[in-house]
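I have placed the structure first, in the form of structure tokens, so that the comments after it can refer back to it.
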Amino acid sequence: MGKLTGTLVGLIALSASLAHGRVLEDLEQLDSAKQSYDFVIVGGPSGIGGSTVASRLSENPRFNVLLIEAGPTNEGVIDIAVPGFFRNISSTYSWGHVTTPQIGLNNRSFPYNQARVLGGCSSHNGMVYTRGSSDDFDLWGKVSEDRSWSWKTLFPYFLRNEKLVPPPGGRDASGQYDPQYHGTRGLTLVSLPWGGPTDFDRLAIKNAEQNKEIKFNLDVNSGKPSGLVWVQSTIGNGERCSAAVGVLGGQVKERPNLTILLNTQVTRVLPSKESRQLDIRTVEIISFSSGNKTTVTANKELIVSAGAFGTPHLLLNSGIGDKKELEDVKVKSIHHLPDVGKGLSDHLAFQVSWSANGVVRPVDTVAAFEEWQTNRTGPLTETGVHQLMFSRITPDAPLFKEHRDPAAGPNSPHIEIVVLSVGPRILASVGLLTPKSRGTVKIASNNPLDKPLIDLGYLTHPFDLLALKEGARIAKRWFEGSAYEGYITGFLGPDPDTLPEKEFDNALKAGAGTWWHPVGTASISPKGAKHGVVDPELKVKGVKGLRVVNASAIPYVPTAHTQAAVYVLAERASDLIRASW
Ligand SMILES: *[C@@H]1O[C@H](CO)[C@@H](O)[C@H](O)[C@H]1NC(C)=O
Ligand SMILES: *[C@@H]1O[C@H](CO)[C@@H](O)[C@H](O)[C@H]1NC(C)=O
Ligand SMILES: *[C@@H]1O[C@H](CO)[C@@H](O)[C@H](O)[C@H]1NC(C)=O
Ligand SMILES: *[C@@H]1O[C@H](CO)[C@@H](O)[C@H](O)[C@H]1NC(C)=O
Ligand SMILES: *[C@@H]1O[C@H](CO)[C@@H](O)[C@H](O)[C@H]1NC(C)=O
Ligand SMILES: CC(=O)N[C@H]1CO[C@H](CO)[C@@H](O)[C@@H]1O
């Protein structure tokens with residue numbers, strides 16, 4: 001770095017520290033000698049988990065908190081702020097991960113976007129706010145043998161986190177949600193879409209009146225998501241409300257007890273030498289710009305919230321994982337914990353389509369952007385999706401003769417269908433919410449800067465392909481409904497009922513892609529159990545000082561888009577952490 005730029009950076013740093021409290025652009029600004037931190041939170045992405053915990057812990061003036069983020073700030077990035085631009089957020093803000101060849105998908109490997117920006121996935125996701133079913137959360141309690149993880153105990157945390165606000169533009173959305181299930185005082189803004197009901201939305205409502213399988217459901221977030229629902233999104237005042245904007249936004253970033261360190265990667269967690277029990281509260285960090293390294297030690301606890309890929313990547317690099325597998329890549333094992341990186345699970349989806357007499361005109365982006373800039377209203381305040389469908393696979397479906405139903409309970413739908421009407425086409429993305437396939441996150445070498453090996457194991461369990469096929473049938477039956485007569489002109493497939501089995505399966509494998517909901521790589525399990533990675537208090541098993549607060553701790557992917565579940569996990573985790581100090 002040149003001297004002039006160095007000085008400039010210094011000046012910017014100075015003004016930044018005056019303007020924003022303590023948001024540091026680079027490691028070089030961290031005066032670790034002068035500061036000591038009670039809690040160090042490892043993000044990267046420091047998305048929902050890390051941001052929520054940082055926000056809650058720094059409420060207490062007795063705690064000094066450091067949040068470390070690998071990526072840059074979200075501030076001033078227009079594609080992140082404008083909801084309708086989410087599809088073209090630059091790859092600068094992601095890790096550039098690529099999956100291993102997926103055996104279940106004809107050996108395809110593909111890019112897997114994971115955010116590398118403040119706010120994490122909530123800064124670049126599709127903003128859908130669905131919690132999942134009550135059964136999904138009760139299952140966490142069963143798996144961890146700790147009934148304090150349940151829908152009932154977690155429900156108040158959903159409310160604490162959420163602030164339901166009117167749709168952008170302020171249209172009346174009554175009849176499209178049920179206020180009793182919503183919070184009104186949290187920091188995460190949630191709203192119904194700006195537009196609608198369109199003619200296409202009305203057709204769906206009408207169709208639901210006659211449909212036996214998918215009925216209108218007033219609120220997807222009641223714990224019973226099945227049915228046709230209006231979408232709710234983490235959008236407020238026409239802008240994306242990510243964790244960086246919501247739980248870390250406004251006054252929170254100004255707190256003198258919260259330091260946010262950007263553009264810094266955590267490469268390892270290190271055990272302290274003095275302690276006899278394995279005590280891990282130190283992180284080794286590296287600056288993205290200078291490559292300079294240093295360490296920071298938390299007085300109280302280290303909290304890892306680095307996501308379903310980043311969390312196991314970090315633990316494995318640190319020597320926490322399966323001893324034998326670590327030796328194979330020449331990493332010295334410090335703690336044998338075989339399940340680190342195992343149990344990866346995700347939502348896979350594929351597309352079916354119809355031709356239709358639709359006349360949905362494309363958005364005039366220039367005019368819409370002007371409207372967004374002046375008024376924070378218009379089509380760019382939403383993603384274009386107004387409604388979602390959630391459905392169970394009927395119990396008499398043949399696949400249940402061979403396979404046990406993986407759903408957490410009767411309230412958990414197996415299938416989600418996201419429908420988009422684009423001119424003369426209707427596109428339905430059919431996703432499997434209850435996969436049986438599992439994958440892994442491993443490391444390729446002992447260099448922490450090398451990318452992890454991400455194998456999602458899609459369709460490696462035969463249930464999943466059969467279930468997706470049933471999903472396509474559910475979508476077909478829906479659009480055969482009388483409300484669509486004269487509107488739909490034909491099914492364009494792929495059709496599970498007319499194509500030869502092999503051909504259909506291949507079309508599905510060739511077209512399927514992710515909904516970016518990975519969980520399970522540092523799974524919760526009962527206290528004292530040998531399997532799993534964290535105990536019911538989210539502490540890493542057999543280690544002092546170290547917790548995991550992220551989607552990686554979620555044992556089974558909820559039947560929902562995962563962000564709401566991570567918020568609630570992190571809200572509860574914050575209480576657990578505060579209670580222990
Ligand atoms: C937190 O900030 C307050 C107000 O600036 C200060 O008095 C206190 O010492 C800080 N606490 C810690 C733990 O640094
Ligand atoms: C971003 O998305 C909008 C709408 O999808 C598109 O019109 C615009 O050209 C995109 N911008 C870039 C830089 O790709
Ligand atoms: C995928 O790769 C595996 C292992 O290399 C190989 O055995 C298999 O035949 C390949 N499958 C396809 C569909 O190419
Ligand atoms: C990196 O560390 C070295 C040694 O401590 C220091 O001299 C140098 O200024 C640092 N680099 C930057 C960009 O601050
Ligand atoms: C913004 O809103 C005002 C008041 O409703 C309206 O007159 C104006 O045309 C809007 N501006 C744009 C660019 O849509
Ligand atoms: C805090 C944090 O890192 N959140 C991440 C948790 O896991 C999900 C799924 O992997 C990520 O998308 C989040 O960014």
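One-based numbering, in listed order, for ligands and for the atoms of each.
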Item to complete: Determine if the distance from atom 7 (O) of ligand 5 to the closest protein heavy atom is below 4.0 Å.
Response: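 It does not; no protein heavy atom is within 4.0 Å.
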Worksheet item: For atom 11 (N) of ligand 5, is the nearest protein heavy atom under 4.0 Å away?
Response: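 It does; a protein heavy atom is within 4.0 Å.
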Protein contact to [atom] [nearest heavy atom, distance to 0.1 Å]:
{"atom": "atom 4 (C) of ligand 5", "result": "Asn375 ND2, 4.6 Å"}
{"atom": "atom 14 (O) of ligand 5", "result": "Glu371 CG, 3.5 Å"}
{"atom": "atom 13 (C) of ligand 3", "result": "Asn106 CA, 4.2 Å"}

Should [X] and [Y] count as an ion pair when the cut-off is N to O under 4.0 Å?
{"X": "Asp505", "Y": "Lys502", "value": "no"}
{"X": "Lys442", "Y": "Asp328", "value": "no"}
{"X": "Glu470", "Y": "Arg473", "value": "yes"}

Worksheet item: So, Tyr129 versus His182, ring centres under 6.0 angstrom or not?
Response: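 Centroid separation for Tyr129 and His182: 6.0 Å or greater.
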Worksheet item: Which of parallel (below 30°), tilted (30 to 60°) and perpendicular (above 60°) describes Tyr112 and Phe309?
Response: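 Judged by the thresholds at 30° and 60°, the geometry between Tyr112 and Phe309 is perpendicular.
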Worksheet entry | Residue list, side-chain contact (heavy atoms from CB on, under 4.5 Å) with Thr130, at least two apart or on another chain |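 By the side-chain contact (heavy atoms from CB on, under 4.5 Å) rule, Thr130 matches Val128, Val220, Asn221, Leu388, Phe390, Ala560, His561.
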Discussion item. Considering Asn107, Ile103, Leu105 one by one, which has a heavy atom nearer to atom 1 (C) of ligand 3 than any of the others?
Written reply: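 The residue whose heavy atom sits nearest atom 1 (C) of ligand 3 is Asn107.
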Fill in: Ligand-residue contact atoms, ligand 5 with Thr374, heavy atoms, under 4.0 Å
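With Thr374 as reference, the close atoms of ligand 5 come out as 11 (N), 12 (C), 13 (C).
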